[in-house]
Amino acid sequence: MKKNVLHLKAPGNWINDPNGFIYYKGKYHLFYQHFPYAPVWGTMHWGHAVSEDLVHWEHQGVALFPTKEYDQNGVFSGSALEIEGKLCLYYSAVKYLEKDSENIHIAKNDCFETSQAMVISEDGFHFDNWKDKRQIIPVSKDENRAHATHTRDPKVWKEADTYYMVLGSTFREEIGMIVFYTSRDGVNWQFAGKLQDKRFGRILECPDIFKVNDRYLFFGSPMYIDDKDRGYEHHAVFAPAEFDPVQCELTLCGTCEYVDYGLDIYAPQTNLDKDGRRVMVAWMRMPKSVKEEDGMEWNGMLCQPRVIEVENGHVYFRVHPEIRKCFREEVTSPDKPDFSRPFCLRTGMKEGESLNIGGYRICMENGRVSADRSEVFAKITGYPLTAESPEISGECNLEIFVDRNLIEIFINDGEFVISHVVYGLGTYLEATCSFSIFTETRMECE
């Protein structure tokens, strides 16, 4: 089976949203939206990978694929939960109402319907796509309750003795909406409420609600919240929230903030690691596929898992301890790192100082960390080439993870993060600040 280090990539062809992220029976399982036939978006399957340390991932092949009348055009995003020792996967099932005769993998005129379904596995590795699927929430017939087309991405969790499901939806494709269902057994579900909010854009995708330090947070991906001329119209955001589990009432407290200031990130999903930390993964959108020397072509990768913590009211996205544990072998010649494998660069940066990592430029100007990928974005147009953090007081510490097609900058231990997809990264390093470089070593992780 194909393996990845640090960033889970498409094993070939297409990846987008992470799905079913869970620690189950001693391993991390991470599923993902996958079109196995070309490096473009198409009829969705669930790919599957496992890891023991959140750094080294081994692909397990396709776990879920269309087999039913209600999911004949795609097994779309969802989540995972362990119930009575079994792995339960919840997903959105798509059926096209009009098909394009020239491309069966897209819905003509965006005409399709969505229901919610689940699969139960005894061991987390074997999935019977013919016998073990069941439709648990039918297509909505009441637009005041949920949209028939754009209700999707079930996130399921248990609180006290009740199972909760939150779905992204829309009211008439005008204002984003979340929809709640509850269950006593995780199989039979009842409608429990909804919320419309302009902060959810016109359509909300991938909602997630959870507690950190006894404080609820809302994560989601609202659509049509930005000018398409700036690149992406849809973005991953979060906000502190209040949630009443008895009434299924959610209140967002304040404005929504970006999950990542590089703005390539989308569709975050969280779950607990083996030690109870809240960990997030997300899709890094790639406007161009990558062709390897062996001819394999792929498009899409996931960011490295990040620990979500709240301190003094601020939400931090921190490097996971398992990742730091694996990236601790210091390079003796840091000006000549091995760009063929992921490495971590650590530095303190003052106002006016800068780094040039193979053409990717990072500097601190006007109290903000800024990044510029203009030289390493394959002359692709229509996407933002630069990014900057919110204002930071004084010198900042940077922990920068460099992979061949992805750079992630953790500022002040995750106070803010900037992540950028890159193409054609060079193999040189120039700096006006001192730094150290650390490489990954499998031995130290075992």
Side-chain angles (χ1 to χ4, degrees), residues 16-19 33 76-79 90-92 94 110 112-116 137 139-140 142-157 164-182 189 191-212 215-228 230-245 247-261 263-270 280 282-283 285 308 315 317:
N16 56 295
D17 303 7
N19 299 152
Q33 293 286 270
F76 279 70
S77 288
S79 57
Y90 299 87
Y91 68 93
S92 290
V94 167
D110 208 26
F112 62 93
E113 62 184 19
T114 307
S115 61
Q116 315 309 319
I137 300 176
V139 177
S140 174
D142 181 356
E143 69 173 8
N144 291 310
R145 175 175 287 192
H147 198 275
T149 299
H150 299 297
T151 299
R152 50 181 171 258
D153 310 334
K155 179 62 189 291
V156 179
W157 74 99
Y164 294 86
M165 177 188 294
V166 61
L167 294 158
S169 189
T170 178
F171 179 68
R172 298 178 179 175
E173 299 186 51
E174 296 173 356
I175 182 170
M177 183 167 69
I178 58 174
V179 182
F180 289 103
Y181 283 81
T182 58
W189 296 85
F191 177 80
K194 63 176 186 176
L195 171 67
Q196 296 171 205
D197 195 305
K198 291 182 179 179
R199 287 169 289 187
F200 296 156
R202 284 163 39 196
I203 301 171
L204 180 65
E205 296 190 304
C206 304
D208 199 353
I209 299 166
F210 53 87
K211 274 185 178 180
V212 175
R215 181 65 191 268
Y216 281 105
L217 297 176
F218 161 80
F219 275 59
S221 296
M223 303 179 73
Y224 308 105
I225 63 168
D226 208 344
D227 185 348
K228 64 181 179 181
R230 292 186 64 242
Y232 298 109
E233 295 179 274
H234 322 316
H235 292 284
V237 301
F238 71 92
E242 295 178 356
F243 178 62
D244 180 348
Q247 302 297 325
C248 271
E249 292 180 350
L250 178 75
T251 303
L252 301 191
C253 304
T255 58
C256 290
E257 299 180 49
Y258 291 124
V259 169
D260 188 297
Y261 285 84
L263 304 186
D264 284 349
I265 214 166
Y266 196 69
Q269 183 169 113
T270 75
M280 183 204 83
W283 171 38
R285 298 176 284 194
I308 301 173
V315 177
F317 298 89

inquiry  = Could you measure the distance from the CD atom of Glu205 to the OG1 atom of Thr170? Nearest 0.5 Å is fine.
reply    = 10.5 Å

query = Does some side-chain heavy atom of Val259 sit less than 4.5 Å from a side-chain heavy atom of Met280?
reply = yes

query = Could you walk me through whether Tyr181 and Gln116 pass the side chain to side chain donor-acceptor pair (under 3.5 Å) check?
reply = CA-CA 11 Å; Tyr181 283 81; Gln116 315 309 319; over 6 Å; no

ask   = For Pro268 and Ser221, which heavy atoms make the closest approach, and how far apart are they?
value = CD-OG, 3.5 Å

request  = Evaluate side-chain contact (heavy atoms from CB on, under 4.5 Å) for Leu263 paired with Tyr232, printing each intermediate quantity in order.
outcome  = CA-CA 8 Å; Leu263 304 186; Tyr232 298 109; 5.5 Å; no

ask   = Which heavy atom of Leu252 sits nearest a heavy atom of Ala241, and at what distance?
value = CD2-CB, 4.2 Å

key: Donor-acceptor contact below 3.5 Å, side chain His147 vs main chain Phe171   = no

query = How about Val166 and Trp157: do any of their side-chain heavy atoms sit closer than 4.5 Å?
reply = yes

query = Shortest non-hydrogen contact from Pro222 to Leu204?
reply = N-CD1, 3.8 Å

request  = Determine the interplanar angle of the Phe238 and Phe219 rings, folded into 0 to 90°, and report it as parallel if under 30°, tilted if 30 to 60°, perpendicular if over 60°.
outcome  = parallel

note = For Ile225 and Gly201, the nearest pair of non-hydrogen atoms, with its separation, is CG2-CA, 3.6 Å

Min side-chain heavy-atom separation Ser77-Tyr91 under 4.5 Å = no

ask   = Could you walk me through whether Arg199 and Val237 pass the side-chain contact (heavy atoms from CB on, under 4.5 Å) check?
value = CA-CA 9 Å; Arg199 287 169 289 187; Val237 301; over 6 Å; no

key: CE on Met223 to SG on Cys206, rounded to 0.5 Å   = 9.5 Å

ask   = Looking at Phe180 and Leu250, what are the two nearest heavy atoms and their distance?
value = CZ-CB, 4.1 Å

inquiry  = Under the criterion side-chain contact (heavy atoms from CB on, under 4.5 Å), I'd like the reasoning laid out for Phe200 against Leu195: C-alpha separation, chi angles, the key distance, then a yes or no.
reply    = CA-CA 10 Å; Phe200 296 156; Leu195 171 67; 4.1 Å; yes

remark   = Gln269 meets the side chain to side chain contact (heavy atoms under 4.5 Å, CB included) criterion, sequence neighbours left out, with Pro18, Phe21, Ser79

query = Without hydrogens or angle criteria, can the side chains of Thr149 and Glu113 be said to hold a donor-acceptor pair below 3.5 Å?
reply = no

inquiry  = Do Ile137 and Ser115 make a side-chain contact, defined as non-hydrogen atoms from C-beta onward lying under 4.5 Å apart?
reply    = no

request  = Indicate yes or no: at least one non-hydrogen side-chain atom of Val315 is less than 4.5 angstrom from one of Ile308.
outcome  = yes

remark   = Contacts satisfying salt bridge (charged side-chain N to carboxylate O under 4.0 Å, His left out) that involve residues 166-175 (not counting sequence neighbours) are Glu143-Arg172

query = Backbone N or O of Gly176 within a donor-acceptor pair of the Arg202 side chain at under 3.5 Å?
reply = no

query = For Tyr258, what residues pass the ring pair (Phe, Tyr, Trp, His ring centres under 6.0 Å) criterion, not counting sequence neighbours?
reply = His235, Tyr261

message = Can you tell me how far apart CZ (Phe76) and CZ (Phe112) are? Round to the nearest 0.5 Å.
response = 7.0 Å

query = How are the rings of Tyr216 and Phe243 set relative to one another: parallel (under 30°), tilted (30 to 60°) or perpendicular (over 60°)?
reply = perpendicular

inquiry  = For a 4.5 angstrom cut-off between non-hydrogen side-chain atoms, does Asp197 reach Ile175?
reply    = no

task = Quick one: pull up OG1 in Thr270 and NZ in Lys155 and give me the separation to the nearest 0.5 Å.
result = 3.5 Å

request  = Carefully, step by step, assess Trp189 and Tyr164 under the rule side-chain contact (heavy atoms from CB on, under 4.5 Å).
outcome  = CA-CA 9 Å; Trp189 296 85; Tyr164 294 86; 5.6 Å; no

note = Between the CE atom in Met177 and the OG1 atom in Thr151, the distance rounded to the nearest 0.5 Å is 6.0 Å

request  = Spell out, as yes or no, whether a donor-acceptor pair under 3.5 Å connects the side chain of Arg145 to the backbone of Phe191.
outcome  = no

request  = Using a 4.5 Å cut-off on heavy atoms from C-beta on, say whether the side chain of Asn19 contacts that of Gln33.
outcome  = yes

query = Does some side-chain heavy atom of Ser140 sit less than 4.5 Å from a side-chain heavy atom of His150?
reply = no

message = Can you give me the closest heavy-atom contact between Ala282 and Ile265, atom names plus distance?
response = CB-CG1, 3.5 Å

message = If I take atom CG from residue Asp208 and atom CG from residue Asp153, how far apart are they, to the nearest 0.5 angstrom?
response = 11.0 Å

